[in-house]
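To start, the structure itself, in structure tokens.
Residue numbering restarts at 1 for every chain, and letters A, B, ... go by the order of the sequence lines. Quick caveat: nothing in here was measured; it's all calculated off a predicted structure.
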There are 2 protein chains.
Amino acid sequence: MNSPRAPRGAEDRARGGGAERARHPGSPPSSIRDVALAAGVSVATVSRALRGLDRVSEDTRERVLRAAEALDYVASPTAASLATGRTSVVGIVLPFLDRWFFATIVSEIEDVLRRSGFQVLLLNIGDRSGEDSMVLDQRLLAKRIDGIIVLGVDLEAAEASVLRRLALPVVTISASLPGCDRVGIDDVAAAESATQHLLALGHRRIGYVGGDSSNDVRRATAVDRARGVHHALAAAGLALEPELDAVADWTVTGGWRAAEGLLARRLPPTAILAASDEMAIGVLCAARALGWSVPRHLSVVGIDDHEMAVTHGLTTVAQPVRSQGRIAAEMLLAHLASGTRAAPARDVVLSTAMVLRSSTAAPRTEPRPRRRAGAAAAVGRSPRADAPTTPVPGPTPPESQSQSQSQSGQTRTPRGGQRAGSARRP
Amino acid sequence: MNSPRAPRGAEDRARGGGAERARHPGSPPSSIRDVALAAGVSVATVSRALRGLDRVSEDTRERVLRAAEALDYVASPTAASLATGRTSVVGIVLPFLDRWFFATIVSEIEDVLRRSGFQVLLLNIGDRSGEDSMVLDQRLLAKRIDGIIVLGVDLEAAEASVLRRLALPVVTISASLPGCDRVGIDDVAAAESATQHLLALGHRRIGYVGGDSSNDVRRATAVDRARGVHHALAAAGLALEPELDAVADWTVTGGWRAAEGLLARRLPPTAILAASDEMAIGVLCAARALGWSVPRHLSVVGIDDHEMAVTHGLTTVAQPVRSQGRIAAEMLLAHLASGTRAAPARDVVLSTAMVLRSSTAAPRTEPRPRRRAGAAAAVGRSPRADAPTTPVPGPTPPESQSQSQSQSGQTRTPRGGQRAGSARRP
DNA sequence: TTGTAAGCGTTATCAG
DNA sequence: CTGATAACGCTTACAA
């Protein structure tokens with residue numbers, strides 16, 4: 001407690017004289033009572049006046065505003081929360097903050113929510129692989145937030161039930177939680193597109209670098225994208241060779257290592273599809289390090305249209321990232337405003353689009369160059385002044401780096417009950 | 001208010017029966033009074049027992065814990081804040097969340113603070129160029145946070161004075177605020193290193209893509225890095241040609257456009273130094289699009305060691321990013337714990353290191369290839385199946401993508417009073 | 001060791 | 001239109 005048994009009395013208030021007082025760093029912040037006294041009204045009136053409620057005469061409101069201004073008064077959000085039960089804070093549950101997809105979405109969510117007077121509390125649960133990954137429990141959530149956005153995390157059953165008990169409005173992005181609003185893309189279809197692109201070019205021996213379908217934080221995404229690949233191959237009468245089916249951890253490094261493995265096969269693939277652009281970029285690095293020319297000897301496709309996909313000339317399936325954040329935030333705001341947490345859950349599926357760049361081409365029939373012995377080992381951190389570097393013509397710079405997400409073809413499909421995998425693919 | 005004039009009485013409490021009650025979504029969360037009643041002690045005792053204070057018998061504590069558990073009780077942080085005046089929330093002021101440097105640092109800060117029981121509130125003020133950039137004022141900060149970290153933003157005078165009035169502990173990263181603790185790198189020295197590297201290779205005609213030194217959010221960084229370039233050139237008896245001195249907005253696209261300008265000069269540079277890796281990557285794209293071979297016809301250097309620097313084979317000056325976040329968070333925690341906001345401000349300067357990759361080499365005396373007419377215009381979004389792509393041997397993948405920041409040579413230099421630009425460079 | 005009760009700064013009810 | 005005041009849920013000085 002700040003100063004029990006020592007209520008601020010008249011003698012205390014006398015020393016400052018209002019505005020003057022607030023100017024000094026050491027002085028205690030003024031409370032609604034100070035304003036009431038200064039304006040000559042009751043605290044109730046101050047509260048009403050300051051919040052713009054009606055039933056306050058213009059004259060009074062004016063006096064109150066003036067007094068508040070003079071005292072540098074700002075209402076304590078803590079006290080207001082205690083009284084109202086609302087916090088004006090929204091939690092975002094995510095597995096990483098330092099990856100492009102997540103950072104971009106959070107940025108957009110924060111932007112939308114801030115304009116509506118909400119603040120964002122980060123609930124980073126980590127990648128779940130280590131032992132110190134945060135678990136979502138009551139303590140972290142109860143009474144702190146008004147709503148929650150679950151971003152790219154497949155929650156465990158216990159966590160989902162905690163969320164349900166909290167009875168908060170919940171919106172998920174790229175993650176499913178039965179009964180909650182959801183926004184995302186059709187991961188199956190996205191992977192299908194990428195695969196079909198390679199098939200159309202004539203590739204038959206296609207490698208896949210996917211996410212971990214068993215115990216990844218992004219399990220659902222990993223599963224769906226893998227399914228898309230299988231579907232597309234099956235439709236062409238092909239199957240994914242087990243030896244060309246690699247798993248990585250969604251990172252550049254992971255994709256790099258996985259590709260090293262694929263390219264070392266006795267019968268290597270003529271094309272590699274990665275479940276994310278970051279992994280695809282890793283594949284490009286592996287190819288380069290091993291002396292494979294892209295797209296001459298190897299085609300590479302990713303999914304996401306990462307900010308750095310264009311700089312690598314990477315062909316990919318673009319998903320609208322900022323839009324997902326914006327829509328999720330708006331859906332949550334709608335619930336927050338109306339108090340309707342029930343209603344039939346909605347599932348917003350945004351469309352994706354193939355973006356063709358310079359990392360894919362028809363497979364060559366001519367043999368690839370002999371693997372240079374020790375090629376990978378020979379390269380190090382020293383500058384290679386004489387390294388041959390023929391430029392790959394790339395696209396022109398995008399009009400604007402930010403905000404250029406394609407949002408065409410968005411579809412909002414109402415949905416009832418639980419989401420079935422195929423329900424989102426008409 | 002939740003239910004004025006309707007205090008929860010015995011009849012209310014009778015309907016649930018403790019634990020059973022909390023299981024149902026609709027039931028109100030239990031309060032400290034419920035626990036007190038269930039454990040047969042006073043609320044004061046519950047408070048003490050649950051917070052691990054002494055002066056509580058083991059037996060009592062046990063009963064209280066059991067009751068709290070049964071009731072799914074979790075203390076209201078709001079009420080606790082109101083009573084103690086502390087919020088356990090730290091604000092982070094930043095200009096962007098969707099750029100690698102910022103996302104990575106925030107991620108690290110969040111991690112450190114979370115382990116100490118603090119939560120992170122994002123205060124994204126935007127890039128300040130638009131009219132809707134957020135201004136830091138009382139309303140946003142007062143009574144909501146216990147401390148603040150200012151990340152990569154040069155605050156305006158008014159904002160700095162608001163911060164001072166709030167009397168909160170403040171730590172800045174890559175930004176200076178007189179009298180506050182600071183952590184960062186020596187931007188002047190970093191730019192000097194990069195320049196010296198090019199000079200050592202034999203380059204004399206060096207182009208520079210810098211940040212905006214006049215009205216950028218990151219003004220100080222822009223100024224310091226530019227100064228480093230000028231210093232190094234001057235030390236070599238050279239000067240930065242005005243026509244080779246370009247300004248961009250720290251983005252890939254910005255660097256791309258700036259480089260297009262530089263490469264179009266009648267006497268183009270043989271090397272380009274960009275003030276950030278993102279801009280340097282843009283330079284690489286421009287060079288590629290215009291048919292310039294890197295490093296054969298153009299050397300490119302950046303600053304940062306962005307996550308994607310390695311994938312582009314970009315030579316750069318690495319700065320320890322996560323370390324900056326970690327150290328800043330720890331400094332803030334120290335203040336929070338000790339209550340010492342005064343003390344002489346400290347200035348922690350972390351060391352940087354040149355990372356040599358494949359984007360730099362000695363300048364060639366042979367003429368560069370004739371500019372292919374319309375080379376830039378010829379490339380589009382269509383796949384270029386026959387694009388020549390000779391791979392550039394690159395480094396092997398890093399051991400671990402995250403956490404691999406070099407932290408050797410960190411120096412912590414005590415500092416009193418205001419920070420002078422040259423004070424950090426012994 | 002434990003209980004009592006004031007106080008934190010608002011909001012919202014109800015009476016004027 | 002305004003004021004008095006209970007209540008929000010917790011912490012803590014002080015008394016027991």
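Judged purely by distance below 3.5 Å, without hydrogens or angles, the side chains of B:R51 and B:S47 pair a donor atom with an acceptor atom. Between the side chains of A:R165 and A:Q138, no donor N or O sits under 3.5 Å from an acceptor N or O.
If you measure from atom CZ of B:R144 to atom C1' of C:dG9, you get 14 Å, rounded to the nearest angstrom. Rounded to whole angstrom, the span from the CD1 atom of A:I32 across to the P atom of D:dT5 amounts to 16 Å. Atom CG in B:D54 sits about 12 Å away from atom P in C:dT2, given to the nearest Å.
Phosphate contact (OP1/OP2 of C:dT10, side-chain N/O of B:K143, threshold under 4.0 Å): present. A:S42 has no side-chain polar atom (N or O) that falls below the 4.0 Å cut-off from OP1 or OP2 of D:dT2. In this model, the phosphate group of C:dT11 is approached by a side-chain N or O of A:R51 to a distance below 4.0 Å at OP1 or OP2. For D:dT2, one of the phosphate oxygens OP1 or OP2 lies less than 4.0 angstrom from a side-chain nitrogen or oxygen of A:T60. Taking side-chain N and O atoms only, A:S47 has a distance below 4.0 Å to OP1 or OP2 of C:dT11.
Mapping B:R63 and A:T78 onto DNA chain C by nearest heavy atom places B:R63 at the nucleotide closer to the 5' end.
Between A:D54 and A:R48 there is no salt bridge, since none of the side-chain N atoms of the basic residue sits less than 4.0 Å from a carboxylate O of the acidic one. Ion pairing of B:R326 with B:D111 is absent here, as no side-chain N (NZ or NE/NH1/NH2) approaches a carboxylate O to less than 4.0 Å.
Residue contacts shown for B:A44 include a base, since a base heavy atom lies under 4.0 Å away. Contacts of B:A80 with the nucleic acid, taken as non-hydrogen atoms under 4.0 Å apart, involve only primed sugar atoms and P, OP1 or OP2. A:V74 comes within contact range of the sugar-phosphate backbone alone, with a heavy-atom separation under 4.0 Å but no base atom that close.
Candidate nucleotides D:dT11, C:dT10, D:dC1 were compared by shortest atom distance to the side chain of B:T84, and D:dT11 ranks first. When distances run from any side-chain atom of B:S57 to the nucleotides C:dT1, D:dT2, C:dT4, the shortest one goes to C:dT1. Nearest to the side chain of B:A83, among C:dT10, C:dC8, D:dT2, sits C:dC8. Between C:dG9, C:dT13, D:dT12, one nucleotide has an atom nearer to the side chain of B:R86 than all others, and that is D:dT12. For A:S76, whose side chain is taken as the heavy atoms from C-beta onward, the closest listed nucleotide among D:dG9, C:dT10, C:dG3 is C:dT10. Distances from the side chain of A:L82 to the nucleotides C:dG3, C:dG9, D:dT12 place C:dG9 closest. Nearest nucleotide to the side chain of B:R48, out of C:dT10, D:dT12, D:dC10: D:dT12.
No donor-acceptor pair under 3.5 Å is formed between the side chain of B:D146 and the backbone N or O of B:R86.
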